[in-house]
Colleague: 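Below are the structure tokens for one structure; questions will follow.
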Amino acid sequence: MEDMYHMDRAMMTQQDTKISAKGVQVYYGDTHAIKDVDVEIADKTVTAFIGPSGCGKSTFLRCINRMNDTIDVARVSGDIRIDGEDIYDPRVDPVQLRAKVGMVFQKPNPFPKSIYDNVAYGPKIHGLARNKADLDEIVEKALRRGAIWDEVKDRLDAPGTGLSGGQQQRLCIARAVATEPEVLLMDEPCSALDPIATAQVEELIDDLRQRYSVVIVTHSMQQAARVSQKTAFFHLGNLVEFGDTDKIFTNPEDPRTESYISGRIG
Amino acid sequence: MPLSLPLVVILGLCLAGWFLAQSRAMSVSAGDRRKLASLPRQHGLNTVLSTAIPALGLILVWMLFGRLFSDSWLANSPLVFQGGVIAVALAGCLWSLGRIRIDFRARAAAERWIKGLLIFASTIAILTTVGIVMSMLFETSNFFRDYSWTDFFFSAEWSPNFRGDSALGILPLLWGTLYISLIALAFAVPIGLFAAIYLSEYASVRVRSVVKPLIEILAGIPTIVYGLFALITVGPFLRDYFAQPMGFGESASSVMTAGLVMGVMLIPFVSSLSDDIINAVPQAMRDGSLGLGATKSETIRQVVIPAALPGIVGAVLLAASRAIGETMIVVLGAGAAARLSLNPFEAMTTVTVKIVSQLTGDTDFASPETLVAFALGLTLFVITLGLNVFALFIVRRYREQYE
């Protein structure tokens, strides 16, 4: 496992498919929000979803961990598989699915609990720790992976809501990785952060790629170019173009992608 | 006090001022309203307010403090008072008419009058509270001149009589109040809270739109009707099916009867306040928890309720202060016997009931038997005030978290 970290990054992007979606449709009431989207997301890769507001990129992201189930009016059809397993199969428990597919939200949303309890929340629910020492270890590991351990190690009992915005978001990332997910979904994780905090989170995303398949929705094309290996461009509910990030940004095939990237639409 | 004449004159002056001010404003601007700093009707409004407010204020002051001068010549001549009021109104009217210039900002002047009115309204609410407390304090101090305060606060016997050897210990009454309130809260808090959780987290929009108003109807039932329900239905039911078979007593009036019915009365309080508070917990909290693979009930138990807890505690404390002040349900449900007992199926009574019974009938506000009502009232006031302050304190701390 340790050797994997030292492998060439180019090699690592050539992983198996982690998530595969075919013919996905989403309706919010009468609105057709996602129209027939097919996409294959690779393991141990950062995939960026870009596109103008309301194009459906967040909606599609929320299909991957079935968060749309919590919205009454949303209907999802089509086929989404993680490791070949249909996640919309009636036998699949969305609650267990979400333990496997972690999510980080647009606005940092720490619970009104201590920093420790914020991170311990997921492991406690899923019974990942056998005892207190075990839990302490999980929390420390998660906080280290969230690149926030050094800042909070002396005040784990302080409320998570008292941290700065960037620290809160890294706490939320730590909270999400504490349940050992296989996929990490990030819905505009830096939109509420200043440039310094953004840089910290982006660095963190690059680290996370070594263990997880990361899908990030972003409004910033620079951010997509910086952190991702694959980019998907959504427009009006359609997946317009999907490919290597370098190619999308330098030599897009679809004229709509080109217009968006050069700032003519959006 | 002959008030009708000054009131009619003030009304007339206001009407006249309204039209005069507008026409005067037009004439100073030579018919061009764009030259005016304020619109003619704003000049009119300013004149009306300047006429009415000082004159009405004088009437109010006279009604409150006029009797202080009842010996002097002022009080004996209604003409002086009437003339004074009319003079003030006329002066206000003329003064504001005289101020009308092209550049006079009547809009700002009227605004100041209105601000004054609003301040006055809020002061009245505060002064009334102060007045209530003062009158209670005054009568209570009279009571403690005749009756020892240690006996009042620490004696366990309550047996007033008008021969002059009454025992007026508050403890049995306070015990009854707290016991009944406790049963009421033990009943209302879980049911109200669970109803609120169902309504805010599980119920569909359609169910919610039916159920929530239905629960709130409970809040609109007069407490005397609850009392009747306790008297003819709940009391006999509890006696026949619980108290008698289990050997707890024969009384239909009991702490349990009053407590349960009061609990029903409090359900809409707890549920409606808690529902609002639970709804105020940001959706991001729920998403965060669901996104980690928590179930709905885990999310509610471990994230939503803890986040809403300070507000829910505030709601419970508000319900508690209502329970402590409740009278009618107790009179009809729990009886009027002052008693220190643990048996919930025995008749007991509360502070509020005894206040009523000490003050009904012929009273002269001189004997300790009647004055004790004020001491009881003040004690109750201090307790509920304490609870309310505590509730406000908690609710305020809660607010700081999400704003």
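All chains are named by letter (A, B, ...) in the order of the sequence lines, taking the proteins before the strands, and each is independently numbered beginning at 1. Excluded from the calculations below are hydrogen atoms, water molecules and symmetry mates; all remaining heavy atoms, backbone and side chain alike, are included. Here the structure is a predicted model, which is why all the values come from computation and not from measurement.
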Colleague: Tell me, for A/Arg62 versus chain B, whether the close heavy atoms (under 4.5 Å) come from the side chain, the backbone, both or neither.
Modeller: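 Looking at A/Arg62, just its side chain touches chain B.
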Colleague: Using a cut-off of 6.0 Å, state whether more than 12 heavy atoms not belonging to A/Lys113 lie near its atom NZ.
Modeller: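 Yes, the 6.0 Å shell around NZ holds more than 12 heavy atoms from other groups.
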Colleague: Chain B heavy atoms under 4.5 Å from A/Tyr121: which part of the residue, side chain, backbone, both or neither?
Modeller: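 Answer is side chain: those atoms of A/Tyr121 sit under 4.5 Å from chain B.
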Colleague: Would one find more than 12 heavy atoms of other residues, nucleotides or ligands at under 6.0 Å from atom CD of B/Glu216?
Modeller: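 Yes.
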Colleague: Checking heavy atoms, do the side chain of B/Ser204, its backbone, both or neither come under 4.5 Å from chain A?
Modeller: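 Looking at B/Ser204, nothing touches chain A.
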Colleague: Counting only heavy atoms not in B/Met136, do more than 12 fall under 6.0 Å of its CE?
Modeller: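 Counting other residues, nucleotides and ligands, CE of B/Met136 exceeds 12 neighbours.
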Colleague: For A/Thr179 and B/Leu292, which heavy atoms make the closest approach, and how far apart are they?
Modeller: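 Reported closest heavy-atom pair: CG2-O, 4.3 Å.
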Colleague: Going by side chain to side chain donor-acceptor pair (under 3.5 Å), name the pairs with one or both residues in residues 379-394 of chain B, residues two or more places apart or in two chains.
Modeller: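 Every pair satisfying side chain to side chain donor-acceptor pair (under 3.5 Å) with a residue in residues 379-394 of chain B: B/Ser321-B/Asn388.
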Colleague: Checking heavy atoms, do the side chain of A/Val104, its backbone, both or neither come under 4.5 Å from chain B?
Modeller: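 Contact with chain B involves no heavy atom of A/Val104 at all.
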Colleague: Can you name the closest pair of heavy atoms from A/Arg98 and B/Leu290 and give their distance?
Modeller: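 Taking A/Arg98 first and B/Leu290 second, the nearest heavy atoms are CD-O, 3.0 Å.
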Colleague: Grab the two heavy atoms, one from A/His126 and one from B/Gly293, that are nearest each other, plus how far apart they are.
Modeller: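 Closest approach of A/His126 to B/Gly293, heavy atoms only: CE1-O, 3.1 Å.
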Colleague: Is A/Pro94 close to chain B through its backbone or its side chain, or both, or neither, when contacts mean heavy atoms under 4.5 Å?
Modeller: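 For A/Pro94, neither part sits under 4.5 Å from chain B.
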Colleague: A quick test of your reading: do over 12 heavy atoms of other residues, nucleotides or ligands sit less than 6.0 Å from OH of B/Tyr226?
Modeller: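 Buried by this count: over 12 neighbours within 6.0 Å.
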Colleague: Less than 4.5 Å to any heavy atom of chain B: does that hold for the side chain of A/Lys124, its backbone, both, or neither?
Modeller: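 For A/Lys124, no heavy atom lies under 4.5 Å from chain B.
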Colleague: Using the ring pair (Phe, Tyr, Trp, His ring centres under 6.0 Å) criterion, which residues pair with A/Phe105? Sequence neighbours excluded.
Modeller: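 Per chain and number, A/Phe105 pairs via ring pair (Phe, Tyr, Trp, His ring centres under 6.0 Å) with no residue.
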Colleague: So with a 6.0 Å cut-off around CG of A/Asp72, is the heavy-atom count from everything else above 12?
Modeller: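 Not buried by this count: 12 neighbours or fewer within 6.0 Å.
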Colleague: Looking at B/Tyr202, I'd like to know if its OH atom is crowded, meaning that more than 12 non-hydrogen atoms belonging to other residues, nucleotides or ligands lie closer than 6.0 Å.
Modeller: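 Counting other residues, nucleotides and ligands, OH of B/Tyr202 exceeds 12 neighbours.
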Colleague: Taking all non-hydrogen atoms of both residues, which atom of A/Pro112 and which atom of B/Met285 are closest, and how far apart?
Modeller: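 Taking every non-hydrogen atom into account, CD-SD, 3.6 Å.
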Colleague: Of the non-hydrogen atoms in B/Ala294 and A/Ile125, which two are nearest, and what is the gap between them?
Modeller: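 For B/Ala294 and A/Ile125, the tightest heavy-atom pair comes out as CB-CD1, 3.3 Å.
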